[in-house]
Amino acid sequence: MTHYERHWAKYRSIKNQLWFSLALGIILFLWPVLTTAATGTVTLYPHSGLDFLKYFAFLWTAASIYRLRFFDCPRCGKSFFVQSEWLDGTMQGKIGGSIYQGRRCVHCRLPIFGSDPEE
């Protein structure tokens, strides 16, 4: 497995974690509604074990979004989706599109899932 393939496998893994954590959070959030509708009884559990899982799913989703936003480009090593000029002193940031629309590195223009032609 080449350097580029390892980077893109890591990207796919993070993206899959994001989708899984979102689905888990939605299911856990809707679980009391679904069980109430199915049984016809209203029961509220203010401190159930589901609350911990809901918070965990929320934090997992937030961490996955952060990791995707600042995913390193395998070619240039800079952030693939975000171009920041904070280090230049201008205190402005440019975003190269959302996580799913930025199809090229904002720094070196490497296509997503692309490899270096020299390899």
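The first residue in the sequence is number 1, and the count goes up from there.
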query: Can you find a heavy atom in the side chain of Trp60 that is under 4.5 Å from one in the side chain of Phe20?
result: yes

- prompt: Do the ring planes of Trp8 and Tyr11 sit parallel (below 30°), tilted (30 to 60°) or perpendicular (above 60°)?
  reply: perpendicular

Gln17 side, atom CD; Ile65 side, atom CD1 - distance, nearest 0.5 Å: 12.5 Å

query: So do Cys105 and Cys76 actually touch side chain to side chain, heavy atoms under 4.5 Å?
result: yes

query: Which value, rounded to the nearest 0.5 Å, describes the distance between Ile27 atom CD1 and Leu22 atom CG?
result: 11.0 Å

message: Any heavy-atom pair between the side chains of His3 and Arg6 that's under 4.5 Å?
response: yes

message: Quick check: closest heavy atoms across Leu110 and Cys73, and the distance to 0.1 Å?
response: CD2-SG, 3.9 Å

- request: Can you measure from CD1 (Ile26) to OG (Ser21) and round to the nearest 0.5 angstrom?
  value: 9.5 Å

- prompt: Roughly how far, to the nearest 0.5 Å, is the CZ atom of Arg67 from the OG atom of Ser13?
  reply: 7.0 Å

Lys54 atom NZ, neighbour heavy-atom count above 12 within 6.0 Å: yes

message: Please tell me whether Leu68 and Tyr66 are part of a single hydrophobic cluster in this structure, the criterion being side-chain heavy atoms less than 4.5 Å apart.
response: yes

message: Is there a continuous path of hydrophobic side-chain contacts, each under 4.5 Å between heavy atoms, that joins Phe71 to Ile112?
response: yes

- prompt: What about Phe113 and Ile14, same hydrophobic cluster or not, with Ile/Leu/Val/Met/Phe/Trp/Tyr joined at side-chain heavy-atom distances under 4.5 Å?
  reply: yes

query: Could you state the interatomic distance from NE2 (His7) to CZ (Arg12), rounded to the nearest 0.5 Å?
result: 13.0 Å

- prompt: Is it true that Phe52 and Leu28 fall in one hydrophobic cluster, defined by side-chain heavy atoms closer than 4.5 Å?
  reply: yes

- prompt: Are the side chains of Cys108 and Arg75 in touch, meaning some heavy atoms are under 4.5 Å apart?
  reply: yes

statement: For Phe80 and Pro111, the nearest pair of non-hydrogen atoms, with its separation, is CZ-C, 4.3 Å

